[in-house]
Structures are given as C-alpha cells and as structure tokens.
Engineer: 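Right, I'll just put the structure down here and ask away after.
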Amino acid sequence: MFQIFGIPSQALFGQLLLGLINGSFYALLSLGLAVIFGMLNIINFTHGAQYMMGAFAAYLLLQHLGINYWAALVIVPIIVGLTGIIVERLFLQQLQKLDPLYGLLLTFGLALIIEGLFRNYYGSSGLPYGVPDALQGGRNLGFMFLPNYRAWVIGFSLVICFATWFAIERTRLGSYLRAATENPTLVRAFGINVPRMVMLTYGFGVALAALAGVMAAPIYNVSPQMGSDIIIVVFAVVVIGGMGSIMGAIITGFTLGIVEGLTKVFFPEASNTVIFAIMIVVLLVRPAGLFGRGA
Amino acid sequence: MATVAQAAALKARHDSERSVGVAFAIMLAFLVAGPFLLYPVFLMKALCFALFACAFNLLIGYVGLVSFGHALYFGWASYLTAYAAKSWGMQPEIAILIGTATAAALGIVAGIVAIRRQGIYFAMITLALAQMMYLVALRLPLTGGEDGIQAVPRGRLFGLFDLNHEMTMYIFVLVVVLAAFLLIYRIINSPFGEVLKAIRENEPRTISLGYQTDRYKVVAFVLSATLAGLAGSVKALVFQLASLTDVHWTMSGEVLLMTLVGGLGTIFGPVVGAFLIVAMENYLASFGQWVLIIQGAIFVVCVLVFRRGIVGELAHRLHVRL
C-alpha cells in the first residue's frame, strides 16, 4: 500500500476502475445515440429504456431458458435490435419530414411505456445477475485488485467501440452510410436503398444499447429505472462531445467516466454532478462541443 | 386596395379577439362554478399545473424552444417557498415572491447556458441542467431530501385573509393564475411577442432584420421559468408540501405532455391539457405504474396523429384562434 496525494492507492485505482467501467457504458451509449442521430436526425430518448431491456432480456433468458451470459451477449442485441426495427418501421418512419422535436417526444413516450411496463411486472427493486463463471474472481496487480469481469467489460467495450468506428469510417458500407447522412436523395439516386439503411442503422444503434445492457447486468443490478438514470448523463456526454464524430463520442465517454471516478476520490459530494458541471463549462467556452461541427 | 386589405386584417383581428374573449368567458365561468361542483383541492392542483403549462407553452409554442427541464424552476420555487414559509415564518405573499425570484435567477443562469445550442441540443441541455439540480436537491439539507418539506403553513395573505380556509385559498389561487394567464396573453400579443413568433418561424431572417435573437430568447426563457416558478410556489402552499417529485424529470415530461395534449402554441391549450392530465392522474392514482404507461401512450398518439392538440384541432375546425 502506498499513497498518492494523501489518498490510499487502493481507493484511487479502485475509483479509477469504476470510472472506466462507467466510461465504457457512456461510450457505448453515446456511440449508439450518435449513429442514430447521424442517420435519422432523431435523439433516441428510448435509448436508456433499450439499454434496460438488454439487461432484462439477459436476466429473463437466464431465469427462464437457462441461456447463459455468453449466449445472451449475442442473442439479446439481436432481439432488442429487432424490436428497434419494429419501432422504426411503425413510428419513426412517419416522422421523417417533421421537426426533429417530434422524434424526441415520441421516443420519450416510448421510454415511459417501456419503463412503466417493466416496473409493473418486476417492481422497482434491483434483480441480481451473477458474473459468468469464467470471469469469477480477479487478480492482484500489486497496486490494486482487478476483478476479471470488470477488466472484460472495459476491454470488450473498447473492442466494440473501435469496431463500430472502423465499420463506419473505413468500410464501403460505412461510406454509404456517411454519404446518406450528408445527402440521402443523392445516395438514393445511386440505387442504394436508403430507407432500409435508416431502418438497419436504428436497429444497430438499439442493439448497441442492448449489448451495453447485457454487460451492465452483472455490475449494476437489473432494474426498470437503470435506463433513465444513465440516459440523462449520456445526453450531457453527447452535448460535451458533440455528435458529429464517432471517435469523439468514444473518447468523450471514456474520459468523462474517468473524470467522474477521480471526482469520487477527491470531492465525493460532486461526483454525480461533475459531468453536468463540465457540460456547462464546455457550453460557455466551446458551444459546438469538443468534437462538434457547428450547431 | 390597401384599405380593403387593411379592413380584412382588422376584421380577422377583431374575430380572433372575439373568439379568445368567448373562450375566456367560458373558462372563467367554469372556474367560478368549479368549487361548487368539484373538490377545491383538485381544482387548485389543476390550476397550478395550468399555469405551469402556460408558462412552458410561452417557450415551446411561441419561441419554438423545447425545454425538457422545466421541473427545475417549478420544483425549486416550490422548495424555496415552502422553506421560507416554514423555517423563516414568512407571510405567504413574501414566500411566493422568494420562490418565484429563485426560479427567475435559475432561469437566467440556465437560459444563458442553454441558448448557446439549438434544437435538439437545447432540449438535452435543459434536461441535463434540471437533472443536475435534482441531484443537488437530493443532497442539500434545505430540501429535506427524500422527505421533502412537509406541513408548510399557508399563513394569512397580507396578514388579512386566512388561507387555511379552503375557499379563500381557492380564490387566491384563481386570482394569481388568471393574472398570470392574462400576462402571458399580453406578452404573446405585444411587439416583443411578435419578435418571438418571428424567431420561431425563421430565426436567420429575424437576425437579418436586425434583431438580436439570443437576447429575446433569454428574456423569453427567463419569463417562462419565472412563471413556472410562480406555479410551483403556489402549489407548495396549496399542498403544504415541496418534494423531490416536483424537481424530477418526469415532472418536466408531464408539463410537456399537458401542453402537447392541449395544443402547442395555443392560448387555452395548456389549460385544457393540464385539467385533463391532472384528472387522469387522479382517477388512475390507484393503478400504480399504469399512469406512466398511459402517459407514454398519449405522447405516442399525440405525436403520430394528433399534433395540433385538442384546442389546436378545435381552432382549426372552427377557423379561429384559441
């Protein structure tokens, strides 16, 4: 044991780790929001509820069908992503020509419905979801104890984030996507089915949220309000980073998680408000956001 | 030709003033007869929310700014009024003034920060600011945390009228809400209000005409926040309670829902919406989470097929302004 700035290293690194974990979820969720916003010009308020659905789906699959964590990691994003596609086909598609405000209102309404339904059936208390066997325990790094599952979450979300970045910024499909964001009419003229691409983009964004939900289930308890708790913070993260850049969303997410963790060590009272405070400062100094392109 | 056009414009203006006058008379008759037909506490609650929704509508309906954090002003004004009345023993009118002033101050700060971005970002920023102050309310000793501030004394208005008397309280609430309603109507129809509507319709063009739109937006934001605060302050005295519910984001969603149901950018819409939603919540109170589900469903239905809202649809059918 040693001390840094009068803080025991265990506590410091412990909070740093927790910050990185939170940062992983901020990054995954703001990434999904940015992808959806780019294509649909809608702020997906249902994102938090879809994250919660991911966690619940993993819990229910384990409880009722005995499907374990690893299978859930694949199945749940597909299931929840499909529900997203249904939502896009049924509702969001009709809002294309309207003020983006209506997209926000509609997805807000959907979030209320989903949260209400889950609260109705599962109550407000958290349900436990065990850490998968292969990731039980942890290792001692000398300066801190690192639980295996947490290391996995950080590593895996980094992989997912960069895979998404690569897919959008470096592949042919991604270039269609970016082109359709800039000018959908022109891209359609080239024979690309833009409405289908919009649908799949929304499904993908929702699947990312659900994946984050599965990963979060063993760390935080599974509860109906877990989504609305985190989504408002993610909105602040998105305002700070600006939604123009995929890499920006990833970097901002992780950085703010770490900042939040450090605040918990040095100034615990402010730990849950620090991200909002940073948002205010960023808005006053650089209104477009750190990685943003205009309003 | 000019005179014909002028006469037509004058007639249209006259007609719309008449329709508003008729609607106002109906509303007034309902509110005066109300306490003899319905529970005064229900009416007072609905009136407070009607004012809250009207204040909110000033921003969303007439400037086109979507605030997702109006619970901030409503809730914090309610806290400060409750605290002033209970812990400092202030008279009700002073307590309400303190609460409203708090909302105005918060509105200035939040307004200056939030108007730096537009559209969807504006909504997210206001939501985030409100959430921040919710978390502050959760921790600060002043608010009483989870318990809130209970048993707030209503006191004697101007030292004369005993507000513990239900009917006196009702008249007081009615007068305050109607005064604020008329003030909002006046604001909307003033030259200042015309500029606000111009910003809603086409901001770049308004800038090109020489208006510093950011200033107008901040002023409108502060007015809206202040009046929302007035609603929260009065509510604290009616229920003798200020609690976390009033600062939570669900409250911001609720006022948005009331305005949407009644009709965005209509004069009477928020009032109708507030009465409907408050009535619905009263009847569904025993069904627990169904309130949340039904609220969500109303949002979805309104956005998909009923964007004009009740009063907006009515005005559209009757070809009048309401």
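Computed from a predicted structure; not experimentally measured. By convention in this document, chain letters (A, B, ...) are assigned in the order of the sequence lines, proteins followed by strands, and residues within each chain are numbered from 1.
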Engineer: I'd like to know whether CD of B:E146 has more than 12 heavy-atom contacts from other residues, nucleotides or ligands below 6.0 angstrom.
Structural biologist: no
Engineer: I need the minimum non-hydrogen distance between B:M124 and A:V239, along with the two atoms involved.
Structural biologist: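 Smallest interatomic distance, heavy atoms only, reads CB-CG2, 4.0 Å.
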Engineer: Suppose a student defines contact as a heavy atom less than 4.5 Å from any heavy atom of chain B. Which residues in residues 22-49 of chain A would they list?
Structural biologist: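 Heavy-atom contacts from residues 22-49 of chain A to chain B are A:F37, A:I43, A:F45.
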Engineer: Does anything in residues 302-312 of chain B get under 4.5 Å of chain A by heavy atoms, and if so which residues?
Structural biologist: B:V303, B:L304, B:R307
Engineer: Could you tell me which non-hydrogen atom of B:R116 sits nearest to which non-hydrogen atom of A:L284, and how far apart they are?
Structural biologist: NH2-O, 2.9 Å
Engineer: Identify which part of A:L101 has an atom lying under 4.5 Å from any heavy atom of chain B, answering side chain, backbone, both or neither.
Structural biologist: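 Both backbone and side chain.
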Engineer: With side chain to side chain contact (heavy atoms under 4.5 Å, CB included) as the test, would you mind laying out the steps for A:T273 and B:R139 before giving the verdict?
Structural biologist: CA-CA 11 Å; A:T273 45; B:R139 284 179 171 254; over 6 Å; no
Engineer: Taking every non-hydrogen pair under 4.5 Å, which of B:I293, B:I60, B:V291, B:I112 racks up the most with chain A?
Structural biologist: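 Among the listed options, the one with the most contacts to chain A is B:I293.
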Engineer: If you count the non-hydrogen atoms of other residues, nucleotides and ligands that lie under 6.0 Å from OH in A:Y220, is the total more than 12?
Structural biologist: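 Yes.
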Engineer: Indicate the atoms forming the closest heavy-atom contact of A:L105 with B:F299, along with that distance.
Structural biologist: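 Closest approach of A:L105 to B:F299, heavy atoms only: O-CD2, 3.8 Å.
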Engineer: Holding to side-chain contact (heavy atoms from CB on, under 4.5 Å), I want the full list of residues that pass it with A:L18, two or more places apart in sequence or in another chain.
Structural biologist: A:Q15, A:R150, A:K264
Engineer: Applying ring-ring contact (aromatic ring centres under 6.0 Å, His included), run through A:F235 and B:F68 and close with a yes or a no.
Structural biologist: CA-CA 12 Å; A:F235 279 175; B:F68 231 106; 8.2 Å; no
Engineer: Got a sec: does the CZ of A:R89 have more than 12 other heavy atoms crowding it under 6.0 Å?
Structural biologist: yes
Engineer: If every non-hydrogen atom of B:A123 is compared with every non-hydrogen atom of A:L104, which pair is closest and at what distance?
Structural biologist: CB-CD2, 3.6 Å
Engineer: Tell me, for B:V66 versus chain A, whether the close heavy atoms (under 4.5 Å) come from the side chain, the backbone, both or neither.
Structural biologist: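 Side chain of B:V66 only, per the 4.5 Å heavy-atom cut-off to chain A.
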Engineer: Side-chain contact, heavy-atom cut-off 4.5 Å: B:Q131 with A:V233?
Structural biologist: no
Engineer: Sub-4.5 Å heavy-atom contacts with chain A: which residues of residues 244-264 of chain B show up?
Structural biologist: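 Only B:W249, B:G253, B:L256, B:L260, B:L264 of residues 244-264 of chain B have a heavy atom under 4.5 Å from chain A.
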Engineer: Less than 4.5 Å to any heavy atom of chain B: does that hold for the side chain of A:F108, its backbone, both, or neither?
Structural biologist: side chain
Engineer: Rounded to the nearest 0.5 Å, how far apart are CG of B:L129 and CD1 of A:I232?
Structural biologist: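 The CD1 atom of A:I232 is 11.5 Å from CG of B:L129, to the nearest 0.5 Å.
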Engineer: What part of A:I275 gets closer than 4.5 Å to chain B, counting heavy atoms only: side chain, backbone, both or neither?
Structural biologist: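 Neither part.
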